[in-house]
**Q** 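Below are the structure tokens for one structure; questions will follow.
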Amino acid sequence: MQIQFTKAKCVYPAITLFLLICMPSSTLAKVEEVGTLQQFIDKVNTEKNYTLVEYYTTWCSHCKKLGPIFEDVSESLGTELGESQPIEFLKVDCDKFDGTLCKRLPGFPVVELYRPAKGFVKQQEEEESVAQDERALKRSLWDWLSGSLSFITRKTQQQRLSWELDPARIVEFKGNRNKDTFTKFVKSVVERDRFARIAEVVFSDGEANVDGEGGDYDRLVKVGRDFISFVSRDLKSDRKKLQNILKHQEDNEEGAENYEAVKFQLYLLGLVEEQQAHKGLMDDEL
């Protein structure tokens, strides 16, 4: 597909005026309007970027209110996440894509966050999704609770149509449609995905590398393994202690590293709690 730009006729007294008036608006906007199905697939089918997508219609009043907010989020969130975690922003006009991209949606507007392409369709095959990875992680927790740390991650290959997206990679936004809430939503998903990747290493034997992780990766792996080694049987008490620590360190800039470590410990504790609850249900059925 070729995109042609027509030259705008304008008279400008200064370079700044030229940039604001004569340049195509797409060079200034951070939100990209989807024009074709293939364009959408190419954008979300990347291995590094998260993609925040706004689905809207031209007749929806709530969509009209959301538009400027979504633009504002796009201008600030990319900077806050930094170069270590790129993010792109798309808008989908569901009047045009009602039979394809928007067919599954119950109403408008809808905002969804697409995780990186590890779980998205490529032309022929794809690797297992994050949700499947998390299920494998929980199986490793089961091994740990049984006294074993023999965790083996198994990858599966799946065949899909080139336009089909894995729903496990899509996280729907639910909440008040304002800048702060959108920002917290995206950061929360990105953080949880990162913790899931590091937790997989925590519950595995030997050393492992996680592509794209920052310099504190080894530190969090050690924190996680130390925590798991000494976690008590009173998980409720452990959770309360960690939450109290988190509360007192939230506003302490000097304790930023420890703050992240405590959040990671809470994430690991949640996995242990879930696995023990599952084990209890199985024991009840026996």
Side-chain angles (χ1 to χ4, degrees), residues 47-52 73 76-87 113-116 118-119 130-131 133-138 140-141 144 149 151 153 169 171 173 175 179-232 234-276:
E47 296 181 354
K48 295 182 179 180
N49 295 1
Y50 282 79
T51 309
L52 194 64
V73 171
S76 61
L77 189 54
T79 302
E80 290 188 38
L81 291 177
E83 295 181 359
S84 61
Q85 185 51 75
I87 182 169
L113 182 65
Y114 287 74
R115 290 178 167 117
K118 181 180 178 182
V130 161
D133 285 341
E134 288 186 349
R135 287 196 292 272
L137 173 58
K138 291 169 185 175
S140 75
L141 278 166
W144 172 75
L149 286 176
F151 171 57
T153 303
R169 290 300 177 175
V171 185
F173 171 81
K179 180 180 176 180
D180 290 341
T181 310
F182 279 123
T183 300
K184 289 178 181 178
F185 162 71
V186 173
K187 286 184 175 180
S188 176
V189 174
V190 171
E191 179 183 72
R192 183 175 178 83
D193 289 349
R194 179 168 178 263
F195 282 171
R197 294 191 298 270
I198 299 176
E200 182 176 329
V201 180
V202 169
F203 289 102
S204 67
D205 291 322
E207 298 295 328
N209 294 319
V210 179
D211 293 337
E213 296 300 339
D216 60 348
Y217 159 71
D218 290 334
R219 179 180 63 84
L220 288 179
V221 170
K222 184 179 185 306
V223 166
R225 286 177 172 170
D226 289 344
F227 174 74
I228 290 301
S229 298
F230 296 103
V231 66
S232 72
D234 187 356
L235 299 183
K236 290 184 178 180
S237 177
D238 288 340
R239 174 169 290 279
K240 186 175 181 180
K241 290 178 183 177
L242 290 173
Q243 288 174 336
N244 286 335
I245 294 173
L246 206 62
K247 182 179 180 180
H248 287 90
Q249 290 187 341
E250 188 170 4
D251 298 325
N252 183 4
E253 294 182 359
E254 295 180 358
E257 286 188 358
N258 195 41
Y259 180 72
E260 183 182 38
V262 175
K263 290 176 73 175
F264 183 51
Q265 289 172 335
L266 278 168
Y267 175 83
L268 294 175
L269 186 62
L271 295 176
V272 175
E273 289 171 334
E274 185 175 343
Q275 189 58 51
Q276 286 198 351

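Treat the numbers as computed from the prediction; the structure is a model and nothing was measured. In what follows, every heavy atom counts, from backbone to side chain, and hydrogens, waters and symmetry copies are set aside.
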**Q** Can you see which heavy atom on V202 is nearest to which on G224, and at what distance?
**A** CG1-C, 3.7 Å

**Q** Please check this pair: side chain of R225 against backbone of V201, looking for a donor-acceptor N/O pair closer than 3.5 Å.
**A**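 Judged by distance alone, yes, a pair lies under 3.5 Å.
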
**Q** Output the distance between atom CZ (R239) and atom CG (L235), rounded to the nearest 0.5 Å.
**A**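 R239 CZ to L235 CG: 9.0 Å, rounded to 0.5 Å.
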
**Q** Should L52 and F173 count as side-chain neighbours, where that means a heavy-atom distance under 4.5 Å?
**A** no

**Q** In the structure I gave you, are the side-chain heavy atoms of F185 and L113 within less than 4.5 Å of one another anywhere?
**A**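 Counting from C-beta outward, F185 and L113 do come under 4.5 Å.
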
**Q** Can you name the nearest heavy-atom pair linking V223 to A261, along with the distance?
**A**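 V223 and A261 have their closest heavy atoms at CG1-CB, 4.0 Å.
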
**Q** So do the side chains of D238 and Q265 get within less than 4.5 Å of each other, counting heavy atoms only?
**A** no

**Q** Not counting sequence neighbours, which residues clear side chain to side chain contact (heavy atoms under 4.5 Å, CB included) with V190? List them please.
**A** Y50, Q85, V186

**Q** Once rounded to the nearest 0.5 Å, what's the spacing between atom CD1 of I198 and atom OH of Y267?
**A**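 Output value for this atom pair is 10.0 Å.
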
**Q** Donor-acceptor pair, distance only, cut-off 3.5 Å: does the side chain of T183 make one with the backbone of K179?
**A** yes

**Q** For the residue pair F195 and F264, does the interplanar ring angle fall in the parallel (under 30°), tilted (30 to 60°) or perpendicular (over 60°) class?
**A**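 Tilted.
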
**Q** Any chance you could measure I87, atom CD1, to T79, atom OG1, to the nearest 0.5 Å?
**A**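 If we round to the nearest 0.5 Å, I87:CD1 and T79:OG1 are 11.5 Å apart.
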
**Q** Any chance you could measure F227, atom CZ, to L269, atom CG, to the nearest 0.5 Å?
**A** 4.5 Å

**Q** Between D218 and K222, does at least one N-O distance fall below 4.0 Å, as a salt bridge requires?
**A** no

**Q** May I ask you to test the R197-R194 pair for a side-chain heavy-atom distance under 4.5 Å?
**A**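 Side chain of R197 against side chain of R194, heavy atoms only: contact under 4.5 Å found.
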
**Q** Between atom NZ of K241 and atom CD1 of I245, what is the distance when rounded to the nearest 0.5 Å?
**A**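 K241 atom NZ to I245 atom CD1 measures 9.0 Å (nearest 0.5 Å).
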
**Q** Please report the interatomic distance NZ(K240) to CG(L242), rounded to the nearest 0.5 Å.
**A** 13.0 Å

